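Notes follow the structure.
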Amino acid sequence: MMKSRTQVGIVGAGPAGLMLGHLLHLAGIDSVILENRSRDYVVERVRAGVLEQGTVDLMHEAGVGDRLGKEGMRHEGIYIRFAGARHRIDMAGLTGGRAITIYGQNEVVKDLIAARVASARPLYFEVTDLSVHDLDTRAPVVRFEHGGVAHEAACDIIAGCDGSHGVCRTAVPPSHLQTFEREYPFAWLGILASAPPASEELVYSLSERGFALFSMRSPAITRLYLQCAPDEDVDAWSDDRIWSELVARLRTDDGWEPNVGPILQKGVTPMRSFVAEPMRYGRLFLAGDAAHIVPPTGAKGLILAMADVRRLAIAIEEFYANGGETRLDEYSDRGLRRTWRAQRFSWLMTSMLHRQDGETPFDHRRQLAELDYLVSSQAAMTSLAENYVGTPFD
């Protein structure tokens, strides 16, 4: 077994793990990043494409925002569509200029991998037999195999950024962890299509047939979703059926509807809420999907992960600067406060815009009344805008 020593062991090379490694590098702190998937898989998997203001600001502050600045599509509002009409919410006008930016999460990963490679600090893909040990001591270790060679890395701190199915959260003794979970009775069927966006901003729609979302990835690529059953067979949905349903759910009385084009990719995304408390066990700190999952309606998954690792990087920097552990001790409580606020907003958006099994005409009328109040009240629109573009990092 090859033994080594690093300051921080980071498990997971998604946006959270890569950003944490980069922030630590900027502070002169050594780390190793370990990922069980291949580099191509990590880069090419299609995930979120909406970046909140805080993520955009962090990318620029960390020196990895050049491509984002050139290629990202800044949106200062969104549309809420119901009862045959679209209603615009001016997020920038309601939040002092804060906005969202359309830039694929895989593009964020590309930028962060490039920065990691340029730093010459270790980044391993396709590791196997990954495990974490001695978490309740001051000298935790990470063990793994890479290229047929067994490794053991001694660390001061381990960051679990390995997602909801990773090894880090499961390494916490059940007696030290409480979990909260909700499965939703619907899912999203999402597509990427070669079709220029028909709207300059996102459109969230509640229709008689269910929820739909119009989004985009570039001036030539549209991203769309429609509400479906959790066990939906994607192969049962032909391209014609998908487009027919999307147009029916998104079309407005003034004739607006999405442009139709060849479907490049399609898949079903389940809807789930999950929180693990606390986000720390000994010298293990959970971040991103390892600690929490939100339904995609509120576009909160990536921003929560970025807020986690920024907060953790500041705490680790303090730890190495003067031995202080105050921010490390506060990491979980501060993270959970933001997480539960994001869960509240994501649940609100989801319940407001989706049709439910067993729903009565009364329930649907109540939804319409709620949306009507939203788009006619300055206070309600401000509340939604503040939550959607994201509150500043603490």
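The structure presented is a predicted model; accordingly, all values stated were derived computationally and were not measured.
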May I ask you to check whether over 12 heavy atoms, not counting those of [X], lie within 6.0 Å of atom [atom1]?
X      : atom1 : value
Trp237 : CH2   : yes
Met1   : CE    : yes
Arg74  : CZ    : yes
Arg337 : CZ    : no
Arg209 : CZ    : no

Using a 4.5 Å cut-off on heavy atoms from C-beta on, say whether the side chain of [Y] contacts that of [X].
X      : Y      : answer
Asp308 : Tyr331 : yes
Glu152 : His133 : no
Met381 : Gln378 : yes
Leu384 : Phe345 : yes
Phe393 : Leu58  : yes
Pro258 : Thr222 : no
Leu368 : Leu206 : yes
Ile263 : Leu192 : no

For [X], what residues pass the salt bridge (charged side-chain N to carboxylate O under 4.0 Å, His left out) criterion, not counting sequence neighbours?
X      : value
Glu257 : Arg251
Arg67  : Glu71, Glu107, Asp111
Arg272 : Glu181, Glu183
Glu126 : none

All ring-ring contact (aromatic ring centres under 6.0 Å, His included) counterparts of [X], not counting sequence neighbours:
X      : result
Tyr103 : none
His75  : none
His60  : none
His151 : Phe144

Exercise. Is there a salt bridge (charged side-chain N to carboxylate O under 4.0 Å, His left out) between Arg98 and Glu386 once you walk through the steps?
Worked result: CA-CA 8 Å; Arg98 296 175 68 80; Glu386 287 177 346; over 6 Å; no

For this session: For Asp231, check side chain to side chain donor-acceptor pair (under 3.5 Å) against everything at least two apart and list the hits.
Result: none

Exercise. Between the side chains of Asp254 and Thr252, does any donor sit under 3.5 Å from an acceptor?
Worked result: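 Indeed, the side chains of Asp254 and Thr252 share at least one donor-acceptor pair under 3.5 Å.
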
For this session: Sort out for me which residue in Arg365, Arg249, Arg355 forms a salt bridge (Lys or Arg N to Asp or Glu O under 4.0 Å) with Glu208.
Result: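 In the set Arg365, Arg249, Arg355, the residue that makes a salt bridge (Lys or Arg N to Asp or Glu O under 4.0 Å) with Glu208 is Arg355.
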
Problem set entry | Distance in Å, Leu250 CG paired with Leu213 CG, rounded so as to fall on 0.5 Å steps |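 Interatomic distance, Leu250 CG to Leu213 CG, rounded to 0.5 Å: 8.0 Å.
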
For this session: Return each pair, listed once, that meets salt bridge (charged side-chain N to carboxylate O under 4.0 Å, His left out) where at least one residue sits in residues 10-28; pairs must be two or more places apart or across chains.
Result: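 Every pair satisfying salt bridge (charged side-chain N to carboxylate O under 4.0 Å, His left out) with a residue in residues 10-28: there are none.
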
Acceptor/donor pairs from residues 274-284 side chains to any protein atom, 3.5 angstrom cut, sequence neighbours excluded:
| from | atom 1 | to | atom 2 | distance (Å) |
| --- | --- | --- | --- | --- |
| Glu277 | OE2 | Trp340 | NE1 | 2.7 |
| Arg280 | NE | Gly282 | O | 2.8 |
| Arg280 | NH1 | Leu328 | O | 3.3 |
| Arg280 | NH1 | Asp329 | OD1 | 2.8 |
| Arg280 | NH2 | Gly282 | O | 3.4 |
| Arg283 | NH1 | Asp156 | O | 2.8 |

Is the backbone N or O of [Y] less than 3.5 Å from a side-chain atom of [X], with the two atoms forming a donor-acceptor pair by type?
X      : Y      : result
Thr95  : Met91  : yes
Ser351 : Leu348 : yes
Asp162 : Val167 : yes
Ser346 : Ala342 : yes
Asp30  : Gln7   : no
Glu232 : Val234 : no

For this session: Using side-chain contact (heavy atoms from CB on, under 4.5 Å) as the criterion, point out the one residue from Ile78, Ile100, Thr55 that pairs with Val50.
Result: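 That would be Ile100.
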
For this session: Apply salt bridge (charged side-chain N to carboxylate O under 4.0 Å, His left out) to the pair Lys300 and Glu52, showing each step before the final yes or no.
Result: CA-CA 8 Å; Lys300 287 286 165 285; Glu52 287 188 356; 2.3 Å; yes

For this session: May I have all residue pairs that pass side-chain hydrogen bond (donor to acceptor under 3.5 Å, both in side chains) and include part of residues 13-25, sequence neighbours excluded?
Result: His25-Arg121

Problem set entry | Charged N-O contact under 4.0 Å between Arg327 and Glu325 |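 Not counted as a salt bridge, because no side-chain N and carboxylate O are separated by less than 4.0 Å.
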
Problem set entry | Glu245 and Arg241 ion-paired at < 4.0 Å | no

For this session: Please state whether the rings of Phe211 and Trp188 are parallel, tilted or perpendicular, taking 30° and 60° as the class boundaries.
Result: parallel

Exercise. Please walk me through it: do Ser31 and Arg116 pass side-chain hydrogen bond (donor to acceptor under 3.5 Å, both in side chains)?
Worked result: CA-CA 11 Å; Ser31 66; Arg116 183 69 179 187; 3.1 Å; yes

Problem set entry | Within 45° cone of Tyr79 ring axis and under 6.0 Å: Arg81 NZ or CZ | no

For this session: Measure from the ring center of Tyr184 to the ring center of His354 and say whether it is less than 6.0 Å.
Result: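 No, they do not, as the ring centres are separated by 6.0 Å or more.
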
